[in-house]
Structures are given as C-alpha cells and as structure tokens.
Amino acid sequence: MLKPFPSIFRQITEAAKGLGLEENMASSSSSGLTFKLHPLVIVNISDHYTRIKSQSLPPPSTPHAASASNGATSDSSSPPPQPPPRVFGCVIGVQRGRTVEIFNSFELLYDPSTHSLDRAFLEKKQELYKKVFPNFYILGWYSTGSDAQESDMQIHRDLMDINESPLYVLLNPSINPAQKDLPVTIYESELHVIDGIPQLIFVQSSYTIETVEAERISIDHVAHLKPSDGGSAATQLAAHLTGIHSAIKMLNSRIRVLHHYLLAMQKGDIPCENSLLREVSSLLRRLPAIESEKFQDDFLMEYNDTLLISYLAMFTNCSSTMNELVDKFNTAYDRHSRRGGRSAFI
Amino acid sequence: MNLNMNSVETLVAQIHGLSGSISDINQLHSLLKQSEDLFQSESTRLAPLLTELDPFMHSLGYLYILDACTSAPISKEQASELVLSIARFINLCAAEQIRLAPDKFTSVCKRFKDQVMLLEDPMQGVAPMLTAIRKLQLSSEHLTTLHPDFLLFCLLAKCYKPGLSILEDDIFDVDQPRDFFLYCYYGGMICIGQKKFSKALELLHNVVTAPMSILNAIVVEAYKKYILVSLIHVGQFSISFPKYTSSVAQRNLKNFSQPYLELANSYGAGKISELELCVQAHNEKFEFDKNLGLVKQVVSCMYKRNIQRLTQTYLTLSLQDIANTVQLNSAKEAEMHVLQMIQDGEIYATINQKDGMVRFLEDPEQYKTCEMIERIDSSIQRIMMLSRKLTDMDEQLSCDPLYLAKVSL
C-alpha cells in the first residue's frame, strides 16, 4: 500500500493555492470521508486518454506538401498543435460507512453541445455492470486535464441525481519528470457561502491507493510491457537487468543518504535521535544473512561458473567474428581460392 | 667546397636555432629534407659537427647529419667508435623528434646493426636496440623494422630475457611483411630456447599462416620448427592447415619438409623404437637444418606423452608397470620421469615409495577462490578488447573495394 506523505499533500495544496484558485476550489475537504483508489482505475483512465489522443493525431504530412507550402508559414510541415482532447467516464465502487473505495471505471461520451455526458449509454452500462458486480455503485466521474474547470461543475450537478455526492477524479496527463507523486486528484463538491451566495465548489480530498495481490501483479505486468518486439529473449533480459540495476542504484543512494545522516549525527551537526538510531541498528542487524564458510565456497564456485560461462560466450562470439573475417579476407585477397565453395553470404 | 661547408655551417646554426617548439621543428624538418644532397656531398667532413650538437635538444638535426656520416663506407677501426656514438645518440635522443623522420632513424639503426655484426659483439647491440624500438614505436602494438634486428641480437648474444619482454606485447600494426616473418621466426626460436613452447608454437603458427603470395625461405624453416614444437608441446601434429593459411603455403610447404612429416607420423604411432629409427634415418637432414636439438627433445617427450596417456586409463599403477608400458629401462627411471612431470605440473600424482605405486589424481583446482575470479575477470576484459578490435577489422574489410568487387560478381 502506498501512502502519500503528509508533506506531499501539503505541497499539493500549496501548489493549488499558488495556481490562482479557481472559484470552485477550496483547500481541503471537510466531509470526513476516506477515499481508497485502486490502480486499475488509474490505468483505465490513462489508457483511455492515450487511445483517444493517438487516434486524433493528424496524419504526418509528406515532404512534398511541405515544400509546396514553403514560405507561406514559418511552421510549414505540421498544423499548429491542438490541445490534447479531454476524455470522460464514470467511476464505480463501494461505499461502506465513511470509506469510499473506487474499484473500476468505464468510458463515456461527452456531448460538447449540451455539456453533458451521454445519459442513455451511462444507464445501459450501469445495468450491465450491476449484473456482474452487484455491489458496485456509480460513485462519480473522471476526466483528464490539469485543473478542474467551470464546465465540470455542470456535469457534476447532472450526476447528482444518481449519487447525491459524486466524486470527480482528475488525471493530469502532462508528463512532468520532476513530479514524484501520482498526478491524480479526487474532488468532492461542497456547498460554501461565497459573497453571500451559496455555491457548489470543488474541494480536494486526500486518498490512498489500495490493491489486492492479483490486481498488483496484473497492473505490474501491464506497466512493464514494451511496445517493440518484446518477445525476443535478449531485450527481455536486458529490460530485466536494467530493472535490477536501477533498483540497486536506488538502494545505493538511499544507503548513502543514511550514511551521510549518521556521519552528521556523529559530528554533532544534527541532534541525536535515538529512535532513528534504533531503527538503523535493527536494519543493520538483518545483514549479513549468511556468513558461513560453506556458503562462501558455494557462492564463489557459482560465481566462477557464471564468469566462465560468459567467458565461453565471448569466445564463441569472437570465434564467429573471426571466422567471418577470415572468409572475407580469403575472398578478397587470396588469388587461388576455391571457386564453387561456400560464398561469403549465407 | 668551402661554399658547401659554409652552407652546412649555416644549417647547423639553424638547427641550433629552430629546435625549440613544435612549429620550429616542423620548419627545421622541411629545411633538412631540402638540404639532403648537401649532406650527402659533404658526408666525410660532417663528423666534427656532431660534437657541436646536443643529441637530445637537436635530435632531428643530429639524426640527419649522423645518417649522412654513416652512409660513407666505414673502416674497421672507426666501427667501434661509431657504434658507441650511435648507441649514445639512441639513448639520448628525443622520441617526438625522431618520429618525424622514421626512415632515417631506421637506416641509422640498420647501419648500427651492420657495424655491430662486423665487430662480432652482439651484446653491445641489445640495450641500444631496445631503447631504439621503444622510441620509434607509435604504440606498444606497432611492429617496426627494428624488432627482428633486436631479436637477432638477443639470439646471438644468448641474452633472452629482453627478447621475451618484447614478445609479450600483442602486435596489431605491421610496417613491412618481411619484418613480421622474421620477428615471429626469431621470436619462436627465443621461446624455444627458454622452453616456453606454447608461445613458440603461437609465433611459428603465425609465420606459417601469414598471408603471402609466394613462398619464402623463412616460412619453410619455420614450418619445420613448427612441426617439432607442436610434437613436443601438444603431442600430435595435424597435417591439415587452418583455413586462413594462404593457398600458396598450403600447396607447397609439405614438399620441403618431408623428413619432419615422417617423424610426426612415427611419433603418432607411439613406439619409441620406431621413432629412434626414423631419427637415425634422417640424421643428416636434421643436422643440416640445425634442428637436431629439437629432435632429441621430441624423443624425450615421447615418454612424457605415454605416461600422460596412462593417467587416462589407470588410477594407480606400479612403477615397474609404467617402465614396461613406456619402454623405459627400469623402475628407477620411471620414477625419475614421473617426479619430473609432477614438478613441472604436467600431471597430478602421488608416488608411494614403500610399495612403488603411483596414484593419479584429478586437477585439484576447485575454482573456488577469489584469485581465480580475478584471473577470469582479466581474461574477460582482454577478450572484450580483442572482440572490439575484431569487429572493427571486420567492418573495415566489408567496406574494402577489393572485397566488394569479388563478392558482387
């Protein structure tokens, strides 16, 4: 289970304030509900968005067309980039007491003329899902974008007849490599009095990610799929080893941070914190796992075996390169090589 | 003539002046190239000028003048003096300057070699030649024309260690094919002298399989030694050539080394008596080729080979049985042989002297130690580097127009 740290939550609200609050947003929810989000929902929303985005991309123009329209505009080869399309859908799940758990989601069509979602389709889908998951209710809806907007409130109000207090899950599709946490926010609606007029506004709520083992495994598998020919053993091995390498690198950096911290504590720059020291010492006492001579022997023998195998593999590789080189040399330079023998290209 | 001397002296003055920075040296180089004929014409009178120049600071100028001096015929008395002065120059000169005129340097060293041979004192030539090689080489993988001369000195002076140190380097660039043949041949002889048979085998193999368009005498001699060394070291000799041997060598070498091939055949049969008969029959031939010592070593290796074959059949064997199987004269001799082999690391065994039994053991290397890891790791690094070089060469050859022309037909 991942928990967003309290500091990050503070950062999010700070950022929200800094962005110049929209009218409809307040800093935090006071409804007292606990939200649990399943990763399946996030994957679904992201998949929906990516699909719509790639389907709506204009076809790449040819160089001829580009040169023909040369001089007309500075940006001759492609039309100006359109803003990415927004996708919409419903989220469903279970509410038990004060805990709201969002399990799944499905897609909906948005009608820009009436600013509303396709109601008939929604109801049909709801019936279908009810048959399979009788416990699940429509908890709210989702969309993509960087911020909640005015028009969203309209959709929100429409859904209020299905669920009196629907949720709005917003996924920010822009990729920000500096951002460490999930770009997903959950909004609730609250009635606040602003300038004497009671208005519905969106308030942000905190949430946790909740998952079952089966879901974790499948989501993990989906997340690591490579779009290219992921079937070949070499790329899979390379991907696997890269994963291990980055994991070890992260472990190394964390240990370095700890070490630095302990050194500073020793020098006296930081006040001594006994609880932390106790945790570090318990961590250290977990290593090394095995320390007997038999283990050393077996370990070194296996290590040597692996090295020998890679040595052998390199030998084979070198021999095959050498063989090709010799063939080429013989073809090129040996005046009386046998005709009718094997040609250089197989 | 005075006019010429004056211009020479101006040149000397310029050498003094222009030996400072790199651009000056390049200028000096072109000047010297232009004044070559001047030097040649004044060759007899240039010797005293050498005293004015410093071999380190003015290496390039010194080199040109030295070259002109030595091109004149030298008498025997002058030879030793000349040898000393050239040796001094080689020791003191600056490597960057002489690399600008490599052929001049090579010709000076060649004349040095001739003089040393004339004096019949090869020991004098070993150290200067080694320094010369190190200064002339662009990298340790570069084979210069001086390499075979150096190895020749080592052989004649019977001073093998410096030769071995040069042989350790792997060669990737060769200036002249003849140098390569001579280098590998002499190198093989040095290794044989030091009993490093695997390295000798490798070097002689290089001579035999080197690309060539016509057969030369070096290859023929090398092939004879190659057969003998392979019998000593590996215990067998295969007549078929690897496919990278030139077709010229494949067709013609056998004709020149008939007695050796017969020796190899009788060795393969495994009987000492037959082998000795064969040796007797071709004795004069072996002696003429100066290979008799090697042939005797082949015979003594026969015993070792037979004992090694026994380790594959028996776990324990008595010394008397060993003597009988291997056709030695007594158990004592068998014990000596086995002891020598254990010491050399050729077999693993223990001799029980009480009942005269020998137990053959397995290789005790368990591959469990950290040293073994380091060894394998360094081998892997070496082979990675080699693999990179190979792929580069392969790509280069693929782009070679000669190759592309033949393939597209």
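Predicted model only: the values in this text are computed from it and were never measured.
Considering every non-hydrogen atom in both B:Tyr244 and A:Asn330, the closest pair reads CA-ND2, 4.5 Å. Across every non-hydrogen atom of A:Lys328 and B:Leu397, the tightest pair is CB-CD2, 3.7 Å. Of all heavy-atom pairs between B:Ile380 and A:Tyr311, the closest is CG1-CD1, 3.7 Å.
Using a 4.5 Å cut-off between heavy atoms, B:Asp394 contacts chain A through both its backbone and its side chain. B:Pro211 touches chain A through its side chain: at least one heavy atom from C-beta onward sits under 4.5 Å away, while N, CA, C and O do not. With a 4.5 angstrom heavy-atom cutoff, A:Tyr303 touches chain B only via side-chain atoms. Contacts between A:Phe315 and chain B at a heavy-atom distance below 4.5 Å involve backbone atoms as well as side-chain atoms.
Between the OG1 atom of A:Thr321 and the CD atom of B:Glu395 there is a distance of 10.5 Å, given to the nearest 0.5 Å. With rounding to the nearest 0.5 angstrom, the CG atom of A:Leu308 is 3.5 Å from the CD1 atom of B:Ile376. Here CE of B:Met384 is found 11.0 Å from CG of A:Asn317. Values are rounded to the nearest 0.5 Å.
Looking at heavy atoms from C-beta onward, B:Ile373 lies in side-chain contact with A:Asn304 at the 4.5 angstrom threshold.
Note on B:Cys370, B:Ser387, B:Ser379, B:Ser398: by heavy-atom pairs under 4.5 Å with chain A, the leading option is B:Ser379.
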